[in-house]
Protein chains: 2
Amino acid sequence: MKADAIVLFRNAGLFSGLTDAILRKAASMAISGRLSRGQILFYEHERASGVYIVSEGELRSFRQDAEGREQTLSIARCGAVVGLSALFSGGTFFNTTIANSAAEIFCIEKHDVEELCREDPGFVRNAARALANQVREFARVIESLALRSVEQRVAEYLVLVAQESGIENGTICAMELPLTRSAIASRVGSTREVVSRAFSHLETLGLIQTKDRRILAIPDMAALGEFSGVELSSSGPGFQHDESLEGDTAGRMWLNGESKGKRLPRPYVAAS
Amino acid sequence: MKADAIVLFRNAGLFSGLTDAILRKAASMAISGRLSRGQILFYEHERASGVYIVSEGELRSFRQDAEGREQTLSIARCGAVVGLSALFSGGTFFNTTIANSAAEIFCIEKHDVEELCREDPGFVRNAARALANQVREFARVIESLALRSVEQRVAEYLVLVAQESGIENGTICAMELPLTRSAIASRVGSTREVVSRAFSHLETLGLIQTKDRRILAIPDMAALGEFSGVELSSSGPGFQHDESLEGDTAGRMWLNGESKGKRLPRPYVAAS
DNA sequence: CGGCAAATTGAAAAGACTCAAAGTAAGTGG
DNA sequence: CCACTTACTTTGAGTCTTTTCAATTTGCCG
């Protein structure tokens, strides 16, 4: 039983690089549990009693408005942590999370997490990393929602899924969609029908080919990516800072605000 | 010069609760700098060379799409940290940040931050807290963008500003808007004109009264808050978990997923 | 085959964006 | 003090996107 937890934790981001001693300790603290599909792990506003590490299956965190429309914030699979931010900020969950499938999870209760923090700075550091990743991810979502159309967001989502579970065959990439249209809508911030239409339109544009509702092929990933409006990850040529500049002292970094070979219009500045 | 930094750091969330020794050490590492209004501190994708603590003035972090439309992610004022998540995740900034006004800031370089992390677990813990706060805040933004109309988001913004800088007088609350319509638009994810219309409409609804463009009064905060669709903070009666249940062992917390006296429709579940 | 959930499609309406034209406010320099 | 510039705001009209509602259709599973 605890052996399970050790194996899991060894590959979980939250524990990466930590000593076996701590790993074992964490595993001994962990309370294992199962969720059936559709079961809710916790509700928004609830007092956070601990963090959860996903062992099997899939959890989905989301927010819901008064009419019941929902926006999913994140998906957690094997090795991922859920509910971490609540422990470090405010102590109440700020989303509802539900099991997307039957799932197995481990819970580490709040005071045990605190114990781990006290014991091993590396653990806190990993927690910080996990949180930073979430911040980054959320920033992406915010940009998408604010700046892109539904069709673009659907395209973005498809590229994402293709990257993590598609099978490439030359330039073409085949994939199976794990989500229903409704669920996709909840991810990209729209509605069933609009997502459905987005699929149709993407197909008429030749950017995707749907076999079945759940099976589709992307003839040209680059094209779809470009359509989605997402800048291709990890920067093209001549983008990043000159590394050699790094490491010298003093306030150099903000002496030259404007330069930089960018073609973007200048940003707003708040009035005095 | 370094004295400045100590005074600032003592009240900054990133250093709260830390020993004077660490505080002094951090202050001695800090590089002070000034930004003029409109100057850019760093660009998205740039290699993160350190974190910044705001001493004076206001910084704004945002993302921009290809056409130059921008979405602001956060505002940082005195005592706030900027660029923290980049250090803990990936090492490159994931937004651009600009000075909204003339500003004074302190930079702690990457290797110095690492040094502080190694030296004091409390520092890492504070960093984690700061990141968790940002996660929470971003979740709010995502919900707003996905689930609410522009008018509601404007209302939400007004309530926010009123809470932090409005002056109440009985039930009525007067306030000065620090931002132009364009800047508000960038915050709530819309455009000048639409925000302008939102103000007009809110006024015809009697939810706000504008004196000048920058001065307005909210006759009834509760009404405006309700209009915005944001659940009133910190939960009404009978909402939170029964505290007395907390602290007992075992996997009780996920044995009863469904219960909970909620009136919301049941969430989607991804297909098998 | 019947029943059910998911998906699609059409049509109408609402919401949001864009462009263009005016209006307002504050500051500058004569 | 006034004309003038500049930046910000408002408003109207047209268009496009997105949502919503309703009606089918599809595919699956018992």
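Letters go in sequence order (proteins before strands), and every chain restarts at 1.
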Notebook entry, point to check: Taking everything shown except D212(A) itself, do over 12 heavy atoms lie less than 6.0 Å from its CG?
Noted result: yes
Margin query: Could you check whether atom CD of E193(A) has more than 12 heavy atoms from other residues, nucleotides or ligands sitting under 6.0 Å from it?
Written below: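 More than 12 heavy atoms, drawn from other residues, nucleotides or ligands, come within 6.0 Å of this atom.
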Margin query: Strictly below 4.0 Å, N to O, side chains only: are E164(B) and R77(B) in salt-bridge contact?
Written below: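 The answer is yes: the pair qualifies as a salt bridge.
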Item checked: Non-hydrogen side-chain atoms of R136(B) and S85(A) separated by less than 4.5 Å ->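 A side-chain contact under 4.5 Å is absent here.
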Next item on the list: For the residue pair R37(A) and N100(A), establish whether any side-chain heavy-atom pair is separated by less than 4.5 Å.
Entry: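 They are not in contact (no side-chain heavy atoms under 4.5 Å apart), so the answer is no.
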Closest non-hydrogen atom pair, [X] against [Y]:
X	Y	value
L216(A)	T210(A)	CB-CA, 3.9 Å
L35(A)	L59(A)	CD1-CD2, 3.7 Å
S101(A)	E58(A)	OG-N, 3.2 Å

Note to self: Give the residues of residues 186-199 of chain A touching DNA chain C, defined as any heavy atom closer than 4.0 Å, sorted by residue number.
What the structure shows: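 Close to the strand are E193(A), S196(A), R197(A).
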Nearest-Å distance, [atom1] ([X]) to [atom2] ([N])?
X	N	atom1	atom2	answer
Q71(A)	dT19(D)	CD	P	11 Å
I184(B)	dT10(D)	CD1	C1'	14 Å
L202(B)	dT9(D)	CG	P	16 Å
E67(A)	dC21(D)	CD	C1'	16 Å
L179(B)	dT9(D)	CG	P	10 Å
L147(B)	dT18(D)	CG	P	16 Å
L177(B)	dT10(D)	CG	P	10 Å
L145(B)	dT18(D)	CG	C1'	15 Å

Notebook entry, point to check: F199(A) ring centre to R181(A) NZ or CZ under 6.0 Å, with the angle to the axis within 45°?
Noted result: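 Yes - R181(A) lies over the ring of F199(A), closer than 6.0 Å to its centre and within 45° of its axis.
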Checklist line | Phosphate-side-chain proximity, S200(A) and dT9(C), N/O vs OP1/OP2 below 4.0 Å | finding: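 For dT9(C), OP1/OP2 do have a side-chain N/O of S200(A) under 4.0 Å.
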Check: Which letters describe nucleotides 23-30 of chain D, given B = protein heavy atom under 4.0 Å from base, S = only from sugar-phosphate, - = neither?
Finding: ---B----
